[in-house]
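Order of the sequence lines sets the chain letters (A, B, ...), proteins ahead of strands, with each chain counted from 1.
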2 protein chains.
Amino acid sequence: MGTKSKLTASEAGYLKLIYRVQEEESGKVGTTAAARAFGVRPATVAEVLRNLARKNLVRRRPYRGVELTPQGVAEARKLLRKHRILEVLFVGLLGLSPESACEEASKLDYYVSEELINAICRSSNHPKTCPCEKVIFEDPACCGAGGKKK
Amino acid sequence: MGTKSKLTASEAGYLKLIYRVQEEESGKVGTTAAARAFGVRPATVAEVLRNLARKNLVRRRPYRGVELTPQGVAEARKLLRKHRILEVLFVGLLGLSPESACEEASKLDYYVSEELINAICRSSNHPKTCPCEKVIFEDPACCGAGGKKK
DNA sequence: AAAAATTTTAGGTGTTCCCTAACTTTCTTC
DNA sequence: GAAGAAAGTTAGGGAACACCTAAAATTTTT
């Protein structure tokens, strides 16, 4: 029990945000800030957070904030891997600007299968970073690990 | 009034199916057959069809079947354009088999923006058909029309 | 310590998507 | 052409999602 239920689309959004701000920038995401970022009310954010906690992806200390559990970190990395590999494709092959690439990737990352992402990863030569230099996490199923491509 | 409300994901699925079978193959999609194709009950199909009719995308003659309205045709073509351009990308650039390309495209076509599709279209040199030879409809916003690329 | 800002709960709404049960219409087949 | 089988339809529900407002609790600021 615990890791069974799948993420919903909006939960995925919060997970990505929390990971980016808290794990990558050592910042802190407040409920209100997150609400503004997603264009919803704080109460809505609180609710999603509660659901993420029920799924064991974040730990919540009421009024103090949330932090990702190890499973939450793993899940966020899967999503950000997808997001960033899509960005590589959109900028590198399709010639989008990094900004539109990010926007488009945000709309899709949640829906894209790992198989497709790995196909893109392979055909892009297993990039280590996205167009804005953020790290692309490795997927053992892809090959990345042990690879030498720079 | 009529063309305002957006399609839902499942409505998009039926629209694609109806177009493919009825407009491209001159066949007929029965409620039960559609239900089997989507893994749901016939009653569910009937309901979606009713909603498509409310949105003026199909015309329904109870117990006789549905046919697409001009708006329904336009909408289906937009979706199938996306679907098939994604297939081109997946097969041509990523090396997927036509079958997996189709599967992956089905999961994504509804969510992909027209801008992104047109970027892919451009970078693929405005293909006229998908990997399985089905026509890719043109989008005036892309360039296709009047273009000479074969 | 009061005022301001933030966060959380409680309780609701609308949409989507799916279901079962019961009924109607159409198609078969004798 | 009537009876039974098959296909399609409505009516009525239910669960999950993604929102919201209003009110209460808890920081934080001044």
Exercise for the section: Please say whether more than 12 non-hydrogen atoms of neighbouring residues, nucleotides or ligands are located less than 6.0 Å from NZ in B/Lys78. Expected result: no
Completion exercise
Taking for B/Leu7 and for B/Pro42 the nucleotide of DNA chain C with the nearest heavy atom, the one nearer the 5' end belongs to B/Leu7
Handout entry: d(OH, B/Tyr14; P, C/dT16) in whole Å
Key = 14 Å
Practice task
Look at all strands and tell whether B/Gly65 reaches a base, only sugar-phosphate, or nothing, counting heavy atoms closer than 4.0 Å.
Solution key: nothing
Handout entry: Atom-to-atom span, CZ of A/Arg60 to P of C/dT7 - whole angstrom
Key = 12 Å
Handout entry: Exercise: do A/Glu115 and B/Ser100 side chains pair donor with acceptor under 3.5 Å
Key = no
Practice task
Look at the side-chain N and O atoms of A/Thr32 and state whether any lies under 4.0 Å from the OP1 or OP2 oxygen of C/dA5.
Solution key: no
Problem - Centroid-centroid under 6.0 Å between B/Tyr111 and A/Tyr110 rings - result: no
Problem - SB check A/Arg60 A/Glu67 (cutoff 4.0 Å) - result: no
Practice task
Check whether any side-chain N or O of B/Thr8 sits under 4.0 Å from OP1 or OP2 of C/dC17, and answer yes or no.
Solution key: yes
Practice task
Whole angstrom is fine here: how far is it from CD in B/Glu47 over to P in D/dG14?
Solution key: 15 Å
Problem - Nearest-0.5 Å distance that lies between atom CG in B/Leu80 and atom CD1 in B/Ile136 - result: 10.5 Å
Problem - Minimum-distance nucleotide to A/Val40 side chain [options: D/dT9, D/dC19, C/dC17] - result: D/dC19
Practice task
For A/Tyr110 and D/dC17, give me the distance from atom OH to atom C1', rounded to whole Å.
Solution key: 11 Å
Problem - Touch class at under 4.0 angstrom, heavy-atom based, for B/Arg61 against every strand present - result: nothing
Practice task
Ignoring backbone atoms, establish whether B/Arg36 has a side-chain N or O less than 4.0 Å from OP1 or OP2 of D/dA7.
Solution key: no
Exercise for the section: Report yes if at least one side-chain N or O of B/Arg50 is closer than 4.0 Å to OP1 or OP2 of D/dG8; otherwise report no. Expected result: no
Handout entry: Whole-Å gap separating P (D/dA18) and CG (A/Leu49)
Key = 14 Å
Problem - A/Arg41 side chain near D/dC19 phosphate (N/O to OP1/OP2, under 4.0 Å) - result: no
Fill in the blank from the handout: Taking C/dT9, C/dC17, C/dT26 as options, the one with an atom nearest any side-chain atom of B/Tyr63 is C/dT26
Practice task
Please report, rounded to the nearest Å, how far the C1' atom of C/dA5 is from the NZ atom of A/Lys28.
Solution key: 13 Å
Fill in the blank from the handout: Heavy-atom nearest nucleotide on DNA chain D taken for A/Arg64 and for B/Ala33; more 5' hit belongs to B/Ala33
Problem - Plane angle bin for A/Phe137 and A/Tyr19 - parallel if under 30°, tilted between 30 and 60°, otherwise perpendicular - result: perpendicular
Problem - Between C1' of D/dC17 and NZ of A/Lys6, the distance in whole Å - result: 15 Å
Fill in the blank from the handout: To the nearest angstrom, the CD-P distance between A/Glu11 and D/dC17 comes to 7 Å
Exercise for the section: Verify the contact: side-chain N or O of B/Thr44 to OP1 or OP2 of C/dC17, cut-off strictly under 4.0 Å; return yes or no. Expected result: no
Exercise for the section: Check every strand shown and say whether A/Thr31 touches a base, only sugar-phosphate, or nothing at a heavy-atom separation below 4.0 Å. Expected result: sugar-phosphate
